Amino acid sequence: MRYWLYKSEPGVYGIDHLERDGTTIWDGVRNYMARINLNAAAVGDLIFFYHSSANPPGVAGLAEVVETSVVDPLQFDPESKYFDPTSKPAEPRWITVRVKFVEKFPNFLPLDLLRRSFTPEELVTLRKGNRLSVTPVGDTTADRLLAMARA
DNA sequence: GCCAACGTTGGC
DNA sequence: GCCAACGTTGGC
């Protein structure tokens, strides 16, 4: 079982939306490096749900991968901003995962606390210039994040 | 709203 | 295959 950090803007889709919905397809990722990380996810992996472009930004809760190799439906939806006219239904370009709500953390972990608690090596999101929306989180870092979020 | 960082596109 | 222009992300 591995840990990941997924970013989403809470105004668009945040931890409260996931709690309401129960599960959701993690759609709209259109970055090849993020896609590699999405494809590497396995059922049972745990996801730190990060609120980006928020005030404050930070880690809000936990989700779990419940299905892999999910075809992102928005790539075939001409009305969607994530429509990809070069992707063919026979060989979809954008594959993602379905995740389920696990918990909203008792303690929201704001970005400034993350900066004070972890090095950029320990947490990819803290690395200068990193904007990747799907990144791996090491076990040790994950354990510390969980301890801080639930204490 | 600004802007740094960096991914993507397209002309050559 | 190079690289300038452009677009996007995301913190502030």
Side-chain angles (χ1 to χ4, degrees), chain A residues 2-21 23-41 45-65 68-99 101-138 140-142 144-149 151:
Chain A
R2 303 178 64 181
Y3 292 95
W4 305 92
L5 183 147
Y6 288 12
K7 295 180 186 174
S8 183
E9 299 186 21
V12 177
Y13 198 92
I15 191 74
D16 291 333
H17 296 93
L18 183 59
E19 182 169 26
R20 178 197 66 198
D21 293 345
T23 78
T24 194
I25 293 175
W26 202 267
D27 55 22
V29 175
R30 294 290 179 273
N31 172 284
Y32 285 99
M33 268 194 284
R35 186 180 74 167
I36 288 168
N37 287 333
L38 281 175
N39 284 336
D45 284 1
L46 294 175
I47 297 158
F48 290 96
F49 196 129
Y50 180 91
H51 284 177
S52 59
S53 298
N55 189 19
V59 174
L62 199 66
E64 181 180 344
V65 176
T68 58
S69 302
V70 176
V71 175
D72 183 337
L74 300 183
Q75 68 196 304
F76 302 125
D77 178 0
E79 302 298 310
S80 171
K81 68 186 256 197
Y82 298 111
F83 178 59
D84 183 348
T86 65
S87 183
K88 299 282 171 284
E91 25 177 345
R93 173 168 299 163
W94 303 105
I95 305 294
T96 185
V97 298
R98 177 178 290 278
V99 305
F101 176 80
V102 175
E103 69 178 295
K104 184 174 176 176
F105 288 138
N107 306 321
F108 180 83
L109 303 176
L111 180 58
D112 65 343
L113 175 63
L114 298 178
R115 286 195 205 286
R116 281 184 271 117
S117 307
F118 297 93
T119 66
E121 288 71 31
E122 289 170 324
L123 199 56
V124 177
T125 292
L126 301 180
R127 290 179 202 166
K128 189 175 166 65
N130 188 282
R131 297 169 307 161
L132 206 55
S133 65
V134 179
T135 53
V137 177
T140 307
T141 299
R144 287 171 57 201
L145 284 167
L146 290 171
M148 290 162 64

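Below, chain A is the first sequence line, B the second, and so on; all start at residue 1. Bear in mind the structure is a predicted one, so any value in this text is a computation, not a measurement. Values below: all heavy atoms of this structure, side chains included; hydrogens, waters and symmetry mates excluded.
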Peer 1: Over how many whole Å does the gap from Arg93(A) atom CZ to dT8(B) atom C1' extend?
Peer 2: 12 Å
Peer 1: Distance check needed: dT8(C) C1' versus Lys81(A) NZ, whole Å only.
Peer 2: 9 Å
Peer 1: Would you call Val65(A) and Ile47(A) a side-chain contact if the rule is heavy atoms closer than 4.5 Å?
Peer 2: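 Yes; the side chains approach each other to less than 4.5 Å.
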Peer 1: Which of residues 117-137 of chain A sit near DNA chain B, with a heavy atom under 4.0 Å from it?
Peer 2: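 Within residues 117-137 of chain A, the residues near DNA chain B are Lys128(A), Gly129(A), Arg131(A).
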Peer 1: Rounded to the nearest angstrom, tell me the gap between atom NZ in Lys7(A) and atom P in dT9(C).
Peer 2: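 Nearest whole value for this atom pair: 11 Å.
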Peer 1: Find the distance Glu9(A):CD to dT8(C):C1' and express it as a whole number of Å.
Peer 2: 11 Å
Peer 1: Is the backbone N or O of Lys104(A) less than 3.5 Å from a side-chain atom of Glu19(A), with the two atoms forming a donor-acceptor pair by type?
Peer 2: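 Not confirmed, Glu19(A) side chain does not pair with Lys104(A) backbone.
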Peer 1: Do we see a donor-acceptor contact under 3.5 Å between the side chains of Asn37(A) and Trp4(A)?
Peer 2: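 No donor-acceptor contact under 3.5 Å links the two side chains.
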Peer 1: Nearest 0.5 Å please: distance from the CG atom of Leu145(A) over to the CG atom of Leu46(A).
Peer 2: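 Leu145(A) atom CG to Leu46(A) atom CG measures 12.0 Å (nearest 0.5 Å).
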Peer 1: As a test of reading the structure: which of dG10(C), dG7(B), dC12(C) is closest to the side chain of Ser53(A), going by heavy atoms?
Peer 2: dG10(C)
Peer 1: Going by ring-ring contact (aromatic ring centres under 6.0 Å, His included), Phe49(A) matches just one of Phe101(A), Trp26(A), Phe105(A). Which one?
Peer 2: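 It is Trp26(A); the other options fail the test.
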Peer 1: So, is Tyr50(A) close to the dG11(C) phosphate, meaning a side-chain N or O under 4.0 Å from OP1 or OP2?
Peer 2: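 Answer is yes, contact under 4.0 Å.
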Peer 1: Has the side chain of Thr141(A) got a donor or acceptor atom that lies under 3.5 Å from a matching backbone atom of Glu122(A)?
Peer 2: yes
Peer 1: Nearest-Å distance, NE2 (His51(A)) to P (dT9(C))?
Peer 2: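 Those two atoms, NE2 and P, are 17 Å apart.
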Peer 1: Calculate the interatomic distance between Arg115(A) atom CZ and dG11(C) atom C1'; express it in whole Å.
Peer 2: 8 Å
Peer 1: Check the distance between dG7(C)'s P and Arg30(A)'s CZ and give it to me in whole angstrom.
Peer 2: 19 Å
